[in-house]
J.: 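Sharing a structure, written as structure tokens. Questions coming.
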Amino acid sequence: MKKGLLIFSSIAAGVGTAAGGISYLKKNNICPRCEVKKAVSKLQRNYVNETPYNNGTCLTPPMGWSSWNCFRNKINENVILDIAKAVKESGLAEAGYVYVNIDDCWQSSMRDENGKLQGDLGTFPHGIKWLVNEVNSFGLKLGIYSSNGTLTCEDLPASLNNERIDADTFAEWGVEYFKYDYCHNVALPSAAPYIDSVVISGNGIDEDLIYKASDAALSGEAKAVVEDNGNSYVKGLCSGIGTVTFNNIEVPKDGKYVFTIVMKKYDSDAKYCVATVNGTDKYEILIPENKAFSRDGRHQIIITLKEGNNIISLTNPVGSEMDSAAILYERMGKELKRATKEYAEKNNCDEKKIVFSICEWGKNRPWKWGGSAGNIWRTTPDIFPNWASIAGIYEVNVRLNKYARPGAFNDPDMLEVGNGKLTYEENKSHFTLWAMMAAPLILGNDIRTFIKPDGTVDKDSKILKILTNRDIIAIDQDELGIQCSRVKNNVLTDVLVKPLSNNEVALCFFNKGLGKANMSYTVEEICNLTSVTLPKASKYICKELWSGETIETDNVISAQVPSHGVAVWRISAQTE
């Protein structure tokens, strides 16, 4: 029985009083304080990386189309090319929709002879690199999909523990958008190995350099344990509660060395830790489940050391599933940045940077760590083409405005405009709310319907008019990259304010109710918000972005808003 189960079983069996429980833990050489800390760590974020992802792309929310909402698993290269052609011919590309993204089911169920992902041999017979070139010929960019798990959501090959080779493959193909799902994810273990010693070898070292863990610097709950035979090891590195640091590792020259962890095996569980070299370089160490026939084990990686003294610390920062998700998505993000840069350098060509779309459904609060791992992050479960789904997702995402910035945006999932049985007002509201929230505008409808049988564009299409409303798109694509704030919430009505460049602001009235609503707000209230730079003036010019009507006001803005509808203005101060 695992230690955790043993502890809880003893409690459930009635160890008795709290004092009795503590006595039981001590008797079994279990640190009570450590167990409490590990339990607490499972409920919170322990791993923290404050370095922004900043890959130089996605400075405004990405705009494009994705295959899933409309086609699901019924895709092939001809469908994708037809969509790309329709994006170009319908005017969507000119309006800013440049990504054509293939979701799940593009890949074969087997990797190629070199271990690389490959397109389905039947539905994508020319391969993805060929498809990239074809889509690029329309002036568009191709996006691809995988999952941060052993398989994708449709049970096809995925990228967990294949991050490097898959990132290199995507860079070679020239894809420029990558959606990374969360199906079949295997969380990193919170358990850390018991460290006996570390060994440095290779790169001209004649005799292995051995450093005992019990002689190193211990912090947190890290503890040296001396066995009856006099041997020692260090434990307490799990769940981010302890660290062992080797401060005086001397090597003769710069270069790569073999780093071996000598460990004690007390159970067969998988173990994980991170080696940090000289405070900056980090190396993940995943030790798989083992049979533990013997108590001693070894695990090796290659690390880079500098000539002279080096400092290496070991700890397991994973205390919760949130920590695991953050580390695994960060791992792929790093590989994508590395791969595109190396491919461009190797082939003496322009770098095709990849928008990294984190899609773990908001399960692990990605808004708290997504900005260090990727460009955009899903904040909710999947969207559906009905009003309840759209309104529910809005209620979650609208509260997360403080986490959005250029290059890093909350993602309330793809647009369902034109799908299902949404009314005209609901389609308008859906599109407007996503724009106010600085969300990615990724279409999910069959845009081939915008092209009539005679090859001309259906300019009377209400859906196409919604999706190409340049004024609304400009709100979404504003260079400040600020998500709106909900400044007024009266259960059935919301008022949203979004700061814009050039000291302007967007104001949106949203009626969630079943009847018409008379709504109003004042410019004075807007100017008093610390997030906006709209100057105080005697007159303001207000353009309503759906009707196109422009009005002047000295303060009050009001409208009658239909059920499930919006009214939205772009406001600027009138200059003398």
Side-chain angles (χ1 to χ4, degrees), residues 55-58 61-90 92-108 112 116-121 123-147 152 154 156-159 166-181 332 335-337 339-340 343-344 347 349-359 374-376 411 414-415 440-448:
N55 63 340
T57 190
C58 196
M63 296 175 61
W65 174 89
S66 175
S67 63
W68 185 255
N69 286 359
C70 182
F71 295 102
R72 296 194 176 268
N73 62 336
K74 307 298 183 183
I75 55 172
N76 57 61
E77 63 184 34
N78 291 328
V79 166
I80 301 304
L81 288 177
D82 286 347
I83 290 291
K85 182 179 179 182
V87 171
K88 180 70 173 179
E89 293 179 350
S90 65
L92 287 168
E94 186 180 355
Y97 299 92
V98 297
Y99 294 98
V100 176
N101 299 333
I102 316 174
D103 210 282
D104 207 350
C105 299
W106 63 268
Q107 63 273 67
S108 170
D112 70 12
K116 295 181 178 181
L117 291 170
Q118 58 183 341
D120 185 286
L121 303 180
T123 54
F124 290 86
H126 290 95
I128 303 303
K129 188 170 185 176
W130 173 87
L131 188 58
V132 167
N133 292 333
E134 292 297 307
V135 170
N136 287 169
S137 71
F138 291 104
L140 304 172
K141 304 176 181 182
L142 190 80
I144 208 75
Y145 164 99
S146 187
S147 183
T152 70
E154 291 292 317
L156 292 165
S159 299
D166 289 355
D168 284 334
T169 301
F170 300 150
E172 179 187 350
W173 288 345
V175 301
E176 295 177 77
Y177 190 107
F178 178 53
K179 176 183 173 182
Y180 203 29
D181 225 327
M332 177 54 95
E335 292 296 346
L336 292 172
K337 289 198 291 186
T340 57
Y343 183 83
N347 294 276
C349 61
D350 292 336
E351 182 180 0
K352 279 189 170 183
K353 297 177 179 179
I354 298 175
V355 173
F356 185 25
S357 171
I358 295 168
C359 181
N375 295 114
I376 60 178
D411 178 12
M414 298 170 284
L415 290 163
L441 299 181
I442 305 298
L443 310 181
N445 58 316
D446 187 352
I447 58 179
R448 297 174 301 180

J.: Is a side-chain donor or acceptor of D112 paired with a backbone partner of Q118 at a separation under 3.5 angstrom?
T.: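 Answer holds: no.
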J.: Among D103, D104, N101, find the one that has a side chain to side chain donor-acceptor pair (under 3.5 Å) with K179.
T.: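 Exactly one option meets the side chain to side chain donor-acceptor pair (under 3.5 Å) with K179, and it is D103.
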J.: Pick one: which of Y145, W173, F71 meets ring-ring contact (aromatic ring centres under 6.0 Å, His included) with W106?
T.: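 Exactly one candidate clears the test, W173.
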J.: With side chain to side chain contact (heavy atoms under 4.5 Å, CB included) as the criterion, how do I83 and R448 come out once you've worked through the C-alpha distance, each side chain's angles and the decisive distance to 0.1 Å?
T.: CA-CA 6 Å; I83 290 291; R448 297 174 301 180; 3.8 Å; yes
J.: On a heavy-atom basis, which atom in T123 and which in I75 lie closest, and how many Å separate them?
T.: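 Minimum heavy-atom contact is CB-O, 3.7 Å.
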J.: Does a side chain donor of either N136 or K352 reach within less than 3.5 Å of an acceptor in the other side chain?
T.: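 There is such a pair (donor and acceptor under 3.5 Å, judged by atom type) between the side chains of N136 and K352.
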J.: Mind checking whether C70 and N445 have side chains closer than 4.5 Å, heavy atoms only?
T.: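 No, side chains not in contact.
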J.: Flag the pair F356 / M332 as yes when at least one side-chain heavy-atom distance between them is below 4.5 Å, and no otherwise.
T.: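 Yes; the side chains approach each other to less than 4.5 Å.
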J.: Hey, is the main chain of C105 close enough, under 3.5 Å, to the side chain of Q107 for a donor-acceptor pair?
T.: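 It does hold such a pair.
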J.: State, to 0.1 Å, how close Y97 and V87 come at their nearest heavy-atom pair, and which atoms those are.
T.: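 Closest approach of Y97 to V87: O-CG1, 3.5 Å.
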J.: For the side chain of N55 and the backbone of I354, is there at least one donor-acceptor N/O pair under 3.5 Å apart?
T.: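 Indeed, once roles are kept as given, a pair shorter than 3.5 Å links the two residues.
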J.: Parallel, tilted or perpendicular: which fits the ring planes of Y180 and F178, with parallel below 30° and perpendicular above 60°?
T.: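 Rings of Y180 and F178: tilted, as their planes differ by 30° to 60°.
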J.: Passes side chain to side chain contact (heavy atoms under 4.5 Å, CB included), L131 versus L81? Steps please.
T.: CA-CA 8 Å; L131 188 58; L81 288 177; 3.6 Å; yes
J.: Heavy atoms only: give me the nearest M414-W68 pair and the separation to one decimal.
T.: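 For M414 versus W68, the nearest heavy atoms are CE-CB, 4.2 Å.
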J.: Main chain of A339, side chain of D168: is a donor-acceptor contact present, judged purely on distance under 3.5 Å?
T.: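 Side chain of D168 to backbone of A339: no pair is present.
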J.: Please walk me through it: do D411 and I442 pass side chain to side chain contact (heavy atoms under 4.5 Å, CB included)?
T.: CA-CA 10 Å; D411 178 12; I442 305 298; over 6 Å; no
J.: Taking CG in D350 as the centre, count heavy atoms belonging to other residues, nucleotides or ligands within less than 6.0 Å. Is the count above 12?
T.: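 Atom CG in D350 is not packed in, count stays at 12 or less.
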J.: Considering all heavy atoms of both residues, which atom of N375 and which atom of T57 are nearest to each other, and what is their separation?
T.: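 Closest approach of N375 to T57, heavy atoms only: ND2-O, 3.7 Å.
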J.: Please report the shortest heavy-atom distance between D166 and A158, naming the atom on each side.
T.: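 Heavy atoms only, the tightest pair is OD2-O, 3.9 Å.
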J.: V100 versus I80: any side-chain heavy-atom pair under 4.5 Å?
T.: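 Yes, close enough: below the 4.5 Å cut-off.
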